[in-house]
Chemist: 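Here it is, the structure, as C-alpha cells.
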Amino acid sequence: MKEIVTVQVGGFANFVGSHFWNFQDELLGLALDPSGDPVFKNDALNMDVLYRTGETQQGTLTYTPRLLSVNFQGSLGSMSSFGTLYNEVASTPPDVLTWTGNVSTHASEPRRRNLFLQRLYEEERDSLTQENAINGGRNKPQREIKDEDIVEFLENGVQYWTDFSKVHYHPQSLYEMSGLWMGAQEFDSYGIGRDTSWALREEISERLRFFVEECDHIQGFQFIVNDSGGFSSVSADFLENIADEYTNTPVLLYAVKDPGSHMIPKSQKQVVSKNLHDAVSFSRLSSFCKLIVPVGLPSLSRSKASTFLCIEDEKPYHCSAVYASALHTISLPFRMEPLGPSADSCYVSGAVDIHGVVEILSGQARQNRVIILDVAMPAPSLTGKQVAQSFLGNLQTLTPEISEDVEDLQVVESMTIHGALGSGGHRAPVSEVKDMVRVAYENAMTKPRFCNLSVALCPLPIPLPFPKIFGNLVGQHARLRSSSAVLPFLENRLGNIRRLGIQQGAAGAEMVRNWGYGKDELEDMGETLSKMVLELDPYSQMSSDSD
C-alpha cells in the first residue's frame with residue numbers, strides 16, 4: 001500500500017477538499033451498509049491510501065483523512081481546530097506572580113451548528129447510545145430535521161467549507177494561520193503572503209511531518225492550492241520546503257480558482273496586480289511540483305462542461321463540487337489494488353500511482369508539466385450508434401485559457417472512467433468500457449500518442465450535502481491531458497511577466513519589488529516560463545523574444 005498525503009491551502013481549495021472528502025466518507029459508508037449496492041463493498045479500492053488509523057485518549061479507534069488543511073483564522077465555522085473526535089483539553093491560565101489584581105476572562109460564544117451538522121451530531125449520538133435503545137432507554141430527538149430543510153439551508157446558507165463537511169478530522173489536520181482572519185480583504189495579492197511569519201510556516205511543516213513520518217511507503221502529495229491572493233505565495237514557500245525535505249516524493253498540484261477571482265479588475269493598478277500575480281504565482285508553484293493542473297473557469301455555469309448541470313457561479317459551494325468530483329475521479333487509480341499487467345478485477349482496471357501518472361504525462365518525448373483537466377459529467381451512456389463521438393465529444397475542459405481543437409501529435413493522456421452505463425441503463429462492465437474507449441479512439445479524427453485508461457465500476461457516490469446540480473445516478477469520466485492546447489495559458493503569463501515586470505519602465509516593476517522580488521528573480525521566472533513554452537512549441541517566437 002502506497003499512501004498519499006493531501007494538502008489544501010486557502011479558502012476555495014478547502015471548499016473543493018470538503019466535497020472531495022465527502023465523496024470518500026460516502027464510499028466508506030456505502031461499503032458498510034448491509035443493504036447497499038454490492039459494487040461499493042468490494043476490496044478493489046484501498047481507502048488506506050488516503051486515510052489513517054488512530055486512537056483517541058479514551059481508546060476509541062479513529063479513521064481520518066491523511067490531510068493538512070491551511071486557512072485563515074476563523075475559517076472553520078462551528079468546527080473546532082481539534083476536529084470532532086478529539087476533545088480539546090481546556091488550559092488553565094498560569095498564576096501571574098507579578099499581578100495581584102483581579103483577572104477576568106472574555107470568551108466569544110461558539111458558532112452554532114447548522115441544520116446539517118445538527119443532524120450529523122444527533123445521528124452519531126444515537127449510534128453511540130444504540131445499546132440503551134435496545135434496552136428501552138433511548139430518548140427521541142427533540143425534533144426531526146428533514147432532508148428538504150437541510151438542502152434548503154445548504155443551497156442558500158453555506159459560508160464555511162465546514163458547513164457541509166460530514167467528515168471527522170484529526171487535530172493535526174486543521175491549521176488556522178493566527179493573525180490572518182477570514183475575510184481579510186488585504187490578503188489579495190501574491191506579495192502579501194510573503195509577509196507571513198516563518199514561525200507559521202514551520203508550524204505548517206511540522207504538521208505535515210506528522211502525517212508523512214507515519215507512512216510506510218508514501219507515493220506522493222496531492223496538493224490543492226487556492227491560486228488567488230496571498231495563499232499561493234504561502235503555498236509556494238511551503239512547496240519549496242517539501243521539495244527540499246522530500247526530494248524523491250512527487251507532488252501533483254491542482255491550482256484552483258473560483259469564478260469570483262476572474263472578475264474584471266476595476267482599476268489599472270488592479271489589472272497589473274492580477275496579471276503579475278498569475279504570472280509569478282504560476283512560475284513559483286510549477287517550480288516545486290512534478291505536475292501542475294490549473295483548474296477553474298471564469299464562468300463554470302456558461303461553460304460546455306456544465307451543459308447538463310445547474311450551476312450558480314456566485315456560490316463556491318456549487319463550483320467546488322464540480323471540481324472536487326473531477327479530482328475524485330482522477331485519484332481513483334491511485335488507490336486501486338494492482339493485480340498485475342494482464343489481470344483485471346471485475347470492479348476496477350488500470351491501477352497507477354502518482355509517480356506512474358507523472359511518467360505517463362511528463363516523462364515521454366516531451367517534458368511538459370502543465371496538464372489540462374477535462375471532464376464529462378454526467379457521462380453519456382455506452383449505447384447508440386454514435387458512441388465514439390458522444391463519448392469523446394462530452395469531455396470538456398476545466399482548465400482556463402486553452403485552445404480548442406488543436407492538432408498535436410504528441411498528446412498523452414491519463415483517463416479515468418467510473419460508473420458508466422451500458423445497454424438498458426445497467427452498469428457497464430469494465431471490459432465493455434475498455435472496448436468502447438478503444439473503438440472511440442480508432443474512429444477519432446485525431447488520436448493521442450498514448451492514453452492510459454483506468455476504469456472503476458462504482459459511480460460517483462453522491463452524499464446528502466452535495467448540491468442538487470444533477471440526479472443521483474451519475475457516470476463520469478475525467479482526463480488529465482498533456483497537450484500544446486495549454487500554450488495560450490503559458491504565453492499569457494510569460495508575456496505579462498516580461499511586459500509588466502521586466503521591461504524597462506514596466507508598470508508593475510515597483511509592485512513586484514514590494515513583493516520581495518528583484519529583476520534578476522523575475523528574469524529567472526521568465527526563463528522558466530519560456531522553457532515551458534519552448535517544450536510545447538520549439539518554433540515559438542515568444543519563447544525566444546529578447547527581454
Chemist: Output yes when a side-chain donor or acceptor of Q396 lies under 3.5 Å from a complementary backbone atom of G393, and no otherwise.
Modeler: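 Indeed, once roles are kept as given, a pair shorter than 3.5 Å links the two residues.
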
Chemist: In chain order, what residues pass the side-chain hydrogen bond (donor to acceptor under 3.5 Å, both in side chains) check against R481, with sequence neighbours excluded?
Modeler: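 Only D374 meet the side-chain hydrogen bond (donor to acceptor under 3.5 Å, both in side chains) criterion with R481.
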
Chemist: Report yes or no: does R427 contribute a side-chain atom to a donor-acceptor pair with the main-chain N or O of A420 at less than 3.5 Å?
Modeler: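 No; zero donor-acceptor contacts below 3.5 Å.
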
Chemist: Heavy-atom distance under 4.5 Å between the side chains of L239 and V251, does that happen here?
Modeler: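 Side chain of L239 against side chain of V251, heavy atoms only: contact under 4.5 Å found.
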
Chemist: The criterion is ring-ring contact (aromatic ring centres under 6.0 Å, His included); which residues satisfy it with F489, sequence neighbours excluded?
Modeler: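 So F489 forms a ring-ring contact (aromatic ring centres under 6.0 Å, His included) with F282.
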
Chemist: For E359 and G356, indicate whether the former's side chain and the latter's backbone hold a donor-acceptor pair under 3.5 Å.
Modeler: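 Side chain of E359 to backbone of G356, a donor-acceptor pair under 3.5 Å: no, none is there.
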
Chemist: May I ask you to decide if N71's main-chain N or O and S75's side chain share a donor-acceptor pair within less than 3.5 Å?
Modeler: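 Here the side-chain-to-backbone pair does not exist.
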
Chemist: Are side-chain heavy atoms of F223 and L252 found at a separation under 4.5 Å?
Modeler: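 SC-SC contact between F223 and L252 ruled out.
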
Chemist: Hey, is NE2 on H355 packed in by over 12 heavy atoms from elsewhere, all under 6.0 Å?
Modeler: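 Open.
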
Chemist: Looking at V256 and A13, what are the two nearest heavy atoms and their distance?
Modeler: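 Heavy atoms only, the tightest pair is CG2-CA, 3.9 Å.
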
Chemist: Check this for me, if you would: do R493 and E401 make a salt bridge, where the nitrogen-to-carboxylate-oxygen distance has to be below 4.0 angstrom?
Modeler: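 Yes, R493 and E401 are salt-bridged.
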
Chemist: Quick one, T6 and W21 - any side-chain contact, counting heavy atoms below 4.5 Å?
Modeler: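 Contact flag for T6/W21 side chains = yes.
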
Chemist: Please tell me if the side chains of D147 and F116 come closer than 4.5 Å, counting only heavy atoms from C-beta onward.
Modeler: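 No; the side chains remain at least 4.5 Å from each other.
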
Chemist: Could you pull out all residues at least two apart from F288 that satisfy ring-ring contact (aromatic ring centres under 6.0 Å, His included)?
Modeler: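 If we apply the ring-ring contact (aromatic ring centres under 6.0 Å, His included) test to F288, skipping adjacent residues, there are no hits.
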
Chemist: Take Y190 and F231 through the test ring pair (Phe, Tyr, Trp, His ring centres under 6.0 Å) and record every step on the way to the result.
Modeler: CA-CA 8 Å; Y190 189 86; F231 278 115; over 10 Å; no

Chemist: Are the side chains of I372 and I402 in touch, meaning some heavy atoms are under 4.5 Å apart?
Modeler: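 I372 vs I402: side chains touch.
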
Chemist: Hey, could you give me each pair passing salt bridge (charged side-chain N to carboxylate O under 4.0 Å, His left out) that has a residue in residues 305-316? Not counting sequence neighbours.
Modeler: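 Pairs touching residues 305-316 that pass the test: E155-K315, E312-K315.
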
Chemist: Heavy-atom distance under 4.5 Å between the side chains of V322 and L300, does that happen here?
Modeler: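 Yes, side chains in contact.
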
Chemist: Quick one: does any side-chain atom of Q219 pair with a main-chain N or O of I354 as donor and acceptor, under 3.5 Å?
Modeler: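 Pair found, side chain donor or acceptor close to backbone of I354.
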
Chemist: Does E407, at its CD atom, have more than 12 non-hydrogen atoms belonging to other residues, nucleotides or ligands within less than 6.0 Å?
Modeler: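 No, CD of E407 has 12 or fewer neighbouring heavy atoms, counting only those of other groups under 6.0 Å.
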
Chemist: Among residues two or more places apart or on two chains, list those pairs meeting salt bridge (charged side-chain N to carboxylate O under 4.0 Å, His left out) that have a residue in residues 278-307.
Modeler: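 Applying salt bridge (charged side-chain N to carboxylate O under 4.0 Å, His left out) to every pair that reaches into residues 278-307, excluding sequence neighbours, yields D237-R284, E240-R284, K257-D278, K274-D278, K304-E404.
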
Chemist: For E535, which residues count as a side-chain hydrogen bond (donor to acceptor under 3.5 Å, both in side chains) partner, sequence neighbours excluded?
Modeler: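 side-chain hydrogen bond (donor to acceptor under 3.5 Å, both in side chains) check on E535 returns nothing, list empty.
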
Chemist: Apply side-chain hydrogen bond (donor to acceptor under 3.5 Å, both in side chains) to N156 and list each qualifying residue two or more places apart in sequence or on a separate chain.
Modeler: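 Applying side-chain hydrogen bond (donor to acceptor under 3.5 Å, both in side chains) to N156 gives E152.
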
Chemist: Between S233 (side chain) and G230 (backbone), is there a donor-acceptor pair under 3.5 Å?
Modeler: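 No, because the side chain of S233 does not come within donor-acceptor range (under 3.5 Å) of the backbone of G230.
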
Chemist: Check step by step if side-chain contact (heavy atoms from CB on, under 4.5 Å) holds for V533 and E491.
Modeler: CA-CA 7 Å; V533 171; E491 289 170 342; 4.2 Å; yes

Chemist: Using ring centroids (six-membered ring only for Trp), state whether F15 and Y323 fall under 6.0 Å.
Modeler: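 No, too far apart.
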
Chemist: Does a donor on one side chain and an acceptor on the other come within less than 3.5 Å for T416 and H477?
Modeler: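 No pair is found: no donor N or O on one side chain lies under 3.5 Å from an acceptor on the other.
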
Chemist: Any side-chain heavy-atom pair from R366 and D408 closer than 4.5 angstrom?
Modeler: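 Contact flag for R366/D408 side chains = yes.
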
Chemist: Taking all atoms of both residues into account, what is the closest heavy-atom pair of I497 and L276, and its distance?
Modeler: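 Smallest interatomic distance, heavy atoms only, reads CA-CD2, 4.4 Å.
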
Chemist: Side-chain donor-acceptor pair under 3.5 Å between Q24 and R335, yes or no?
Modeler: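 Yes, because at least one side-chain N or O of Q24 sits under 3.5 Å from a partner of the opposite role on R335.
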
Chemist: Given 3.5 Å as the limit, does a donor-acceptor pair link the side chain of T399 with the main chain of P294, or not?
Modeler: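 Yes: the side chain of T399 pairs with the backbone of P294.
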
Chemist: Indicate the atoms forming the closest heavy-atom contact of G526 with L494, along with that distance.
Modeler: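 Result for this residue pair: O-CD1, 3.4 Å.
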
Chemist: Search all heavy atoms of N226 against all heavy atoms of G10 and return the closest pair with its distance.
Modeler: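 Shortest heavy-atom contact: CB-CA, 3.7 Å.
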
Chemist: If only atom types and distance count, is the side chain of N14 paired as donor or acceptor with the main-chain N or O of G17 below 3.5 Å?
Modeler: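 Such a contact is absent between N14 side chain and G17 backbone.
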
Chemist: Enumerate the residue pairs fulfilling salt bridge (charged side-chain N to carboxylate O under 4.0 Å, His left out) with a member in residues 17-26, sequence neighbours excluded, ordered by first and then second residue.
Modeler: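 Qualifying pairs, neighbours excluded: D25-K166, E26-K166.
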
Chemist: Are K434 and S349 side-chain neighbours, meaning at least one heavy-atom pair lies under 4.5 Å?
Modeler: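 In contact.
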
Chemist: Under the side-chain hydrogen bond (donor to acceptor under 3.5 Å, both in side chains) rule, collect the residues that match up with S362, sequence neighbours excluded.
Modeler: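 None.
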
Chemist: Would you be so kind as to tabulate the donor-acceptor pairs closer than 3.5 Å made by side chains of residues 446-465, with sequence neighbours excluded?
Modeler:
| from | atom 1 | to | atom 2 | distance (Å) |
| --- | --- | --- | --- | --- |
| K447 | NZ | A444 | O | 3.3 |
| S454 | OG | G350 | O | 2.6 |

Chemist: Please answer whether the main-chain N or O of A478 pairs with a side-chain N or O of T329 as donor and acceptor at a distance below 3.5 Å.
Modeler: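 Pair absent, no side-chain N/O of T329 close to backbone of A478.
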
Chemist: Looking at residues at least two apart in the chain, or sitting in another chain, which of them share a ring-ring contact (aromatic ring centres under 6.0 Å, His included) with Y317?
Modeler: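 Per chain and number, Y317 pairs via ring-ring contact (aromatic ring centres under 6.0 Å, His included) with H19, F164.
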
Chemist: Quick one: list whatever passes ring-ring contact (aromatic ring centres under 6.0 Å, His included) with W161, sequence neighbours left out.
Modeler: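 Residues passing ring-ring contact (aromatic ring centres under 6.0 Å, His included) with W161: Y169.
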
